[in-house]
There are 2 protein chains.
Amino acid sequence: MSTDRKERILLAALELFAMEGYHATPTSKIAKQAEVSEGLIFRHYQNKEGLLQAILQAAERNFQQHLSPILEESNPQKTLRFYISFPFEVPEEEVNFWRLQFKLKWEVNYPKNQKLTPFLDKITWAFRELGYDNPELEAELLFLTIEGVSTAILRDGMERMESTKKFLLKKYGV
Amino acid sequence: MSTDRKERILLAALELFAMEGYHATPTSKIAKQAEVSEGLIFRHYQNKEGLLQAILQAAERNFQQHLSPILEESNPQKTLRFYISFPFEVPEEEVNFWRLQFKLKWEVNYPKNQKLTPFLDKITWAFRELGYDNPELEAELLFLTIEGVSTAILRDGMERMESTKKFLLKKYGV
DNA sequence: GTCTATACGATGATAGAC
DNA sequence: GTCTATCATCGTATAGAC
C-alpha cells in the first residue's frame with residue numbers, strides 16, 4: 001500500500017496495459033485505479049506514451065536482472081536448464097512485466113528486441129559445447145519453443161504447464 | 001479492384017486491424033482506405049465490433065478450409081509434415097487473417113480457441129502411431145513450437161525461416 | 001505535489017437526402 | 001445502397017488554484 005503517487009500510477013498502468021492493452025486503456029481508468037487525479041499522470045509522465053516508456057524501462061531492468069546470470073554460466077547443461085526453466089519461474093508479482101512485453105510485440109510498432117541476441121548466442125554456445133550438429137538452428141528452435149511456452153503460461157498459468165517443463169528438460173537431457 | 005463496397009470495407013478493415021490493431025484503428029481510417037463514406041460502415045456492419053466479428057467469421061472459414069484436410073490424413077508422417085509446413089505455406093494474400101488471429105489473442109479478451117482441439121488430437125494420434133513415448137506431450141510441445149514459429153514468420157517473413165522449416169522436418173523425421 | 005475544472009480534437013454512431 | 005452533415009461522448013492534455 002504505497003503512498004508514492006508517482007509509483008502508484010506506474011503500477012496501475014502496468015497492470016492495465018498488461019491486462020487490457022495500451023490503446024484500450026484510457027488515462028481516466030489509470031487514474032481511478034491508482035486513486036489519483038487524472039492530471040497528475042501528465043505532471044509526472046508528460047503524456048501517455050511517456051508513461052508507457054517509463055514502464056518499459058522498469059520492465060527492461062527487471063528482465064536484465066533475472067536473465068543476465070545466464071550469460072555468466074560456464075556449464076552448458078546448466079545454461080540450457082536455466083533458460084528452459086526461466087518462463088516457469090517468473091514471480092507472480094512480475095508476471096505483468098512479461099505479459100506487457102508479449103502484448104506490445106503485437107500492439108504498438110514495437111522495435112524488434114535486439115537485446116535478446118546475447119542470450120541467443122549463449123544458447124548457441126551451449127549447444128555447440130554439448131556437441132549438437134547444428135547449434136545455431138537448435139538455439140533458434142529452442143528460442144521459438146520457449147516463446148510459445150511463455151505464451152501458453154501467460155494464457156493458462158504455470159501450474160498446468162509443469163509437465164511440459166519436465167518434458168522439455170528431459171528432451172534436452174538437462 | 002472489387003467494386004462491392006461492403007467487401008471493400010471488410011478487406012480494408014482486415015488489413016488495418018491486422019497491421020495496426022483493432023483499438024488503434026479508427027473507423028474514419030477504414031473508410032478512407034476502402035474509399036467509401038464512413039457512414040456506410042455502420043449501415044453494413046452496425047458498429048465497429050460487428051465489423052470485427054464479420055472479419056473473424058471470414059478468418060474462421062479460411063482457417064477451416066486450409067487446415068481441415070489434415071484431419072483426413074491417414075499417414076502419420078504426412079500428418080506431421082503437413083502440420084509443420086503449414087505456417088510456411090500461408091499464401092501472401094491470406095497472411096493478414098493469421099496476423100489478426102495472433103494479434104487478437106493479446107488485444108481483445110479473446111475466447112481461448114477451442115477449435116484447435118481436433119488438430120491437437122490428430123497430432124497426438126500421429127505421434128502415437130509413430131511409437132513416441134509420450135504422444136500427448138510431444139503434440140503439445142510441437143503445437144507450442146509451431147506457435148512460436150508462426151510468430152516469427154509474421155514478424156520477419158517466411159524467407160528467413162526456410163532453414164528452420166527444414167530443420168524441424170528433419171528433427172521429426174518427416 | 002496534488003487537485004478541480006476545462007479545452008478540444010478524435011471517434012463512434014445517427015439522420016436524412018438522393 | 002451511398003453520401004453528407006451532424007451529434008454526443010470519449011480521451012488526452014493543459015491551466016490555475018491550493
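Here is the naming used below: chain letters follow the sequence lines, and residue numbers restart at 1 for every chain. Nothing here was measured: the structure is a model prediction, and the numbers come from that model.
The one candidate from B/Tyr22, B/Phe102, B/Phe97 that meets the ring-ring contact (aromatic ring centres under 6.0 Å, His included) condition with B/Phe17 is B/Tyr22. Screening B/Trp98, B/Phe143, B/Phe119 for a ring-ring contact (aromatic ring centres under 6.0 Å, His included) with B/Phe86, the sole residue that qualifies is B/Trp98.
Nucleotide C/dG12 holds its P atom 12 Å from the CG atom of B/Leu16, rounded to whole Å. Across the protein-nucleic acid pair, A/Lys32 atom NZ and C/dT2 atom P stand 21 Å apart, rounded to whole Å. A straight line from CG of B/Leu40 to P of D/dG1 spans 9 Å, rounded to a whole angstrom. What separates CD of A/Glu35 from P of C/dT4 is a distance of 13 Å, to the nearest Å. One atom, OH of B/Tyr45, and another, P of C/dT14, lie 17 Å apart when rounded to the nearest Å. Rounded to an integer number of Å, the gap from B/Leu52 CG to C/dT11 C1' is 17 Å. Nucleotide C/dA13 holds its P atom 16 Å from the NE2 atom of B/His44, rounded to whole Å. Between the CD1 atom of B/Ile30 and the P atom of C/dA10 there is a distance of 17 Å, rounded to whole Å.
Every residue two or more places apart in sequence or in another chain that forms a side-chain hydrogen bond (donor to acceptor under 3.5 Å, both in side chains) with B/Thr164 is listed here: A/Glu140. B/Arg43 meets the salt bridge (Lys or Arg N to Asp or Glu O under 4.0 Å) test with no other residue; sequence neighbours excluded.
Between the side chains of A/Glu38 and A/Ser28, no donor-acceptor pair is found at a separation under 3.5 Å.
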message: For a quick check, with a 4.0 angstrom heavy-atom cut-off, what is the B/S/- contact string for nucleotides 9-18 of chain D, read 5' to 3'?
response: ---BBBBB--
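B/Glu138 and A/Lys171 get closest at one heavy-atom pair: OE1-NZ, 2.8 Å.
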